[in-house]
2 protein chains.
Amino acid sequence: MNAQALHGHLDALLLAVLERGALHGYAIIEALRARSDGLLDLPTGTVYPALRRLERAGHVVSAWSTVNGRERRTYELTDAGRRALADQRTGWREFSATVGRFLDSGHPSTASS
Amino acid sequence: MNAQALHGHLDALLLAVLERGALHGYAIIEALRARSDGLLDLPTGTVYPALRRLERAGHVVSAWSTVNGRERRTYELTDAGRRALADQRTGWREFSATVGRFLDSGHPSTASS
DNA sequence: TCCGACAAGTAGCGTTCCTACCTATGAACG
DNA sequence: CGTTCATAGGTAGGAACGCTACTTGTCGGA
C-alpha cells in the first residue's frame, strides 16, 4: 500500500503530522513512516511539492533553520491550516464512513492484524 | 464529497454493489446513491467507463437485456470479481486504518449524527 | 408531435501522486 | 585532501483516475 490510494488525503496527512509540532520535510516523511508502522513510506518527490502547495494555500508557513550548519526548511501549521485540518478530518470521516458502508461490511474475516 | 476522493476505490465500490446481484449501469448509480444517503452521486461518465474497465479485467460480465424494448446492459460479478472484491476490502481496511490513525484521532466531536 | 426522463456511451481535461533525476552539506574513511 | 555515504531539499515529466460536457436513442405524457 505505497500511498497509491492517498489521493486527496495527502494534504490532510501532512497537516495532521504537523499538528503535533513544526517539522522539516525529511522529518515529516519519517514521522509518517513511524506512525504508520512503515506502511506510509512517501518519496520526497511526493512530500516536498505537497508542502509547497500547502504553503501556497496558506496552511503552513516555512522558515529556514540552520541546524549544525545544515539548512533545513521547517514547516509549521498556520491558523488556517488548523482549520483546514479540521475540515479534512470531517471530510475523511464522511468519506470513510460512506465507503466503509460498502466495503467494511461482508466478511470481517480478519479480526486481528 | 462528490467522489473526488474515491481514487482507487471506485472499482471496489462497484464490485460491492454488484455483490448483491446483477444490475445495469444506471441502476448501479442509483444503488450507490441510495445506499450512501445521496452522498455518492456518480455521473454516468464515471461509472460506465469504470464498468467496462472491470469487464476488461474479467471482474464482471455484461449482457444486453431488453426490457420494454429498452436495451439495458446488465453487469454481473464473476468469480474473479468476487476474489478481487475480497482483496479490495482488505486493501480498504488497511488504508482506512492507516489514514484513520492520523485523521480519526483528535477531536471526536461528532458523537451523534 | 415535441419534450423530458431514462439509459448508454465517448472525448477531453484537470488533479493528484509517483518515478527518476539533480543539488548540496556534513561526517567518516582512506 | 578527496571520495563516498546519509541527510535534506528540489524539479521535470508522466501515468492514473475520475469529472464535465456532449451525443445517441427509446419511451411516455402533454
Side-chain angles (χ1 to χ4, degrees), chain A residues 1-15 17 22-34 39-57 59-60 62-75 88 91-92 95 98-99, chain B residues 1-15 22-34 36 39-57 59-60 62-75 88 91-92 95 98-99:
Chain A
M1 203 264 285
N2 241 351
Q4 258 85 326
L6 279 186
H7 294 257
H9 301 115
L10 209 218
D11 292 6
L13 247 27
L14 297 177
L15 293 176
V17 168
L23 289 174
H24 63 278
Y26 209 81
I28 290 173
I29 293 174
E30 291 177 329
L32 281 166
R33 191 166 44 220
L39 284 161
L40 251 35
D41 195 3
L42 306 185
T44 65
T46 295
V47 173
Y48 289 128
L51 286 170
R52 319 198 106 224
R53 272 199 300 273
L54 288 174
E55 185 164 30
R56 264 208 311 278
H59 294 338
V60 301
S62 70
W64 285 107
S65 28
T66 309
V67 178
N68 297 335
R70 192 70 147 284
E71 297 294 299
R72 306 194 293 185
R73 177 164 279 192
T74 302
Y75 291 87
Q88 303 263 27
W92 163 255
F95 169 72
T98 303
V99 177
Chain B
M1 202 263 288
N2 241 351
Q4 258 87 322
L6 281 185
H7 293 257
H9 300 117
L10 210 217
D11 293 6
L13 248 25
L14 296 178
L15 294 175
L23 289 174
H24 64 279
Y26 208 81
I28 291 173
I29 293 174
E30 290 178 329
L32 282 166
R33 190 167 44 219
S36 71
L39 284 162
L40 250 36
D41 195 4
L42 307 185
T44 66
T46 295
V47 173
Y48 290 127
L51 286 170
R52 319 196 108 224
R53 273 198 300 271
L54 287 174
E55 185 164 32
R56 266 206 310 278
H59 294 338
V60 301
S62 70
W64 284 107
S65 30
T66 310
V67 178
N68 295 335
R70 193 69 148 282
E71 297 295 297
R72 304 193 297 184
R73 176 165 280 192
T74 303
Y75 291 87
Q88 303 263 28
W92 163 253
F95 168 72
T98 303
V99 178

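Throughout, a chain's letter reflects where its sequence line sits, starting with A, and its residues are numbered from 1. Values below: all heavy atoms of this structure, side chains included; hydrogens, waters and symmetry mates excluded.
Remark: P of dT15(C) and CG of Leu54(A) are 16 Å apart, rounded to the nearest angstrom. In this structure, CG of Leu6(B) is placed 8 Å from C1' of dG18(D), rounded to the nearest angstrom. Between Asp41(A) atom CG and dC17(C) atom C1' the separation is 15 Å, expressed in whole Å. Atom C1' of nucleotide dG18(D) and atom CG of Asp11(B) are separated by 11 Å, given to the nearest angstrom. When rounded to the nearest whole Å, the span between NE2 of His9(A) and P of dC18(C) equals 14 Å. Rounded to a whole Å, the NE2 atom of His7(B) is 9 Å from the C1' atom of dC19(D). What separates CG of Leu14(B) from P of dC17(D) is a distance of 13 Å, to the nearest Å.
Thr98(A) and Ser36(B) share no donor-acceptor pair across their side chains, judged by distance under 3.5 Å alone.
Listed pair Arg53(B) / dG18(D) meets the phosphate criterion, a side-chain N or O lying under 4.0 Å from OP1 or OP2.
Relative ring orientation between His9(B) and Phe95(B) is described as tilted, the plane-to-plane angle lying within the 30° to 60° band. Ring-plane geometry between His7(B) and His7(A) is classed as parallel, the angle between the planes falling under 30 degrees on a 0 to 90 degree scale with a further cut at 60.
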Checklist entry - How does protein contact run along nucleotides 8-14 of chain D, one letter per nucleotide 5' to 3', with B for base contact, S for sugar-phosphate only, - for none, heavy atoms under 4.0 Å? => result SBBB---
